[in-house]
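One structure below.
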Amino acid sequence: MASARSMILQALLIAAALVAAAPRVLSDPPPLQDFCVADLKAATAVDGFPCKAPSTVADDDFFSDAMVAAPRTDTNPFGVNSTRATVSAFPGLNTLGLSITRTDLAPGGLNPPHSHPRGSELVLVLEGEVMVGFTSAANRLYSKVVKKNELYVVPRGLQHFQLNVGKGDAVFMAMFDAQSPGLVTPTLGLFAAKPAMSMEVLTKTFLMGEDEVSAMKSKFAGF
């Protein structure tokens, strides 16, 4: 009997170890209740937002019309405008592990190379033709021209871009497996960081002189 109990205990310990070592299949952990509408006014003491009291939850907490209006694409030199429905703007998403962004591109518009450290991205083109591409850790470029109602997936954390290659405006939805996937744009992190990135770091990284780096920085001064 003792031997059988010992074997069961060993099996349980091995199973627990395998579960702990297994790769995460979700960017966000699964919720522990029906919903946890974000209390955006509360101080964030954990990795996310605290829940509103259920008695204060309203129908509109689960609703957003952020994607209805087409935003302007002429307010920046890239010809792009993104409207995000993440947990900070859509409290009902809290703990659900998903979010969505609408991106509008003018003809020739570019959503510059960027990454989302906390979420994979599924692109659904609604209008136009969009070249979507990402680079792997081996510096291999994967890209495809995606047309209306077609999909393209970008793995979590990889640098990627979207370029309007059609004749007219383009619109796509980007769906994420995280309530707050994050956004890292390397050009802004390097040339528009506050406090400023060391000039020595920039000149050595890009094999440029200080005048050339200063000219690059001036292009991103307004971001």
Side-chain angles (χ1 to χ4, degrees), residues 24-31 33-40 44 47-52 57-73 75-76 78-106 109-134 142-164 166 168-185 188:
R24 296 287 295 277
V25 296
L26 295 175
S27 291
D28 292 347
Q33 60 279 315
D34 288 343
F35 54 80
C36 174
V37 174
D39 184 354
L40 301 180
T44 303
D47 189 12
F49 291 94
C51 306
K52 291 175 63 174
V57 173
D59 296 336
D60 282 348
D61 287 323
F62 304 99
F63 171 80
S64 172
D65 60 359
M67 306 294 158
V68 174
R72 294 177 57 181
T73 57
T75 58
N76 60 73
F78 302 109
V80 62
N81 199 324
S82 293
T83 305
R84 298 179 179 86
T86 58
V87 65
S88 58
F90 192 176
L93 294 176
N94 198 36
T95 76
L96 299 184
L98 52 87
S99 58
I100 190 169
T101 295
R102 168 180 172 155
T103 298
D104 290 69
L105 293 164
L110 170 69
N111 196 17
H114 60 282
S115 64
H116 304 288
R118 296 184 293 275
S120 298
E121 176 176 344
L122 182 62
V123 175
L124 170 63
V125 173
L126 300 181
E127 297 292 342
E129 299 181 6
V130 180
M131 177 184 288
V132 185
F134 67 87
Y142 298 87
S143 66
K144 182 79 174 179
V145 174
V146 186
K147 300 178 182 180
K148 184 176 181 178
N149 295 329
E150 294 180 340
L151 297 165
Y152 198 86
V153 66
V154 178
R156 179 173 58 182
L158 298 185
Q159 290 289 326
H160 60 284
F161 65 88
Q162 291 96 5
L163 173 68
N164 184 357
D169 295 337
V171 182
F172 68 85
M173 291 290 189
M175 295 153 279
F176 302 92
D177 60 343
Q179 66 183 36
S180 182
L183 176 64
V184 178
T185 305
L188 300 184

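- Within the structure, every pair that satisfies the side chain to side chain donor-acceptor pair (under 3.5 Å) test and touches residues 79-90, not counting sequence neighbours, is listed here: Ser82-Thr103, Thr86-Ser88.
- Residues Phe161 and Asn111 have side chains not in contact (no heavy-atom distance under 4.5 Å, counting atoms from C-beta outward).
- With Asn94 contributing its side chain and Cys36 its backbone, the two residues share a donor-acceptor pair below 3.5 Å.
- Contacts of Glu127 classified as side-chain contact (heavy atoms from CB on, under 4.5 Å), with partners at least two apart in sequence or in another chain: Lys148, Val171.
- In this structure, Lys147 has no salt bridge (Lys or Arg N to Asp or Glu O under 4.0 Å) partners at least two apart in sequence or on a different chain.
- Not counting sequence neighbours, Asn164 has no partner by the side chain to side chain donor-acceptor pair (under 3.5 Å) test.
- Take Glu129 and apply the salt bridge (Lys or Arg N to Asp or Glu O under 4.0 Å) test, not counting sequence neighbours, and it matches no residue.
- Residue pairs satisfying the salt bridge (charged side-chain N to carboxylate O under 4.0 Å, His left out) criterion with at least one member in residues 92-102, sequence neighbours excluded, are listed as follows: Arg102-Asp104.
- Side chain of Thr73 to main chain of Val80: no donor-acceptor pair is present (N/O by atom type, distance under 3.5 Å, no hydrogens or angles).
- Legend: salt bridge (charged side-chain N to carboxylate O under 4.0 Å, His left out) pairs involving residues 57-70, not counting sequence neighbours, sorted by first then second residue: Lys52-Asp61.
- Not counting sequence neighbours, Tyr152 has no partner by the ring pair (Phe, Tyr, Trp, His ring centres under 6.0 Å) test.
- Considering only residues two or more places apart in sequence or on other chains, Phe90 meets the ring pair (Phe, Tyr, Trp, His ring centres under 6.0 Å) condition with none of them.
- Considering only heavy atoms from C-beta on, Val57 comes within 4.5 Å of Phe35 through its side chain.
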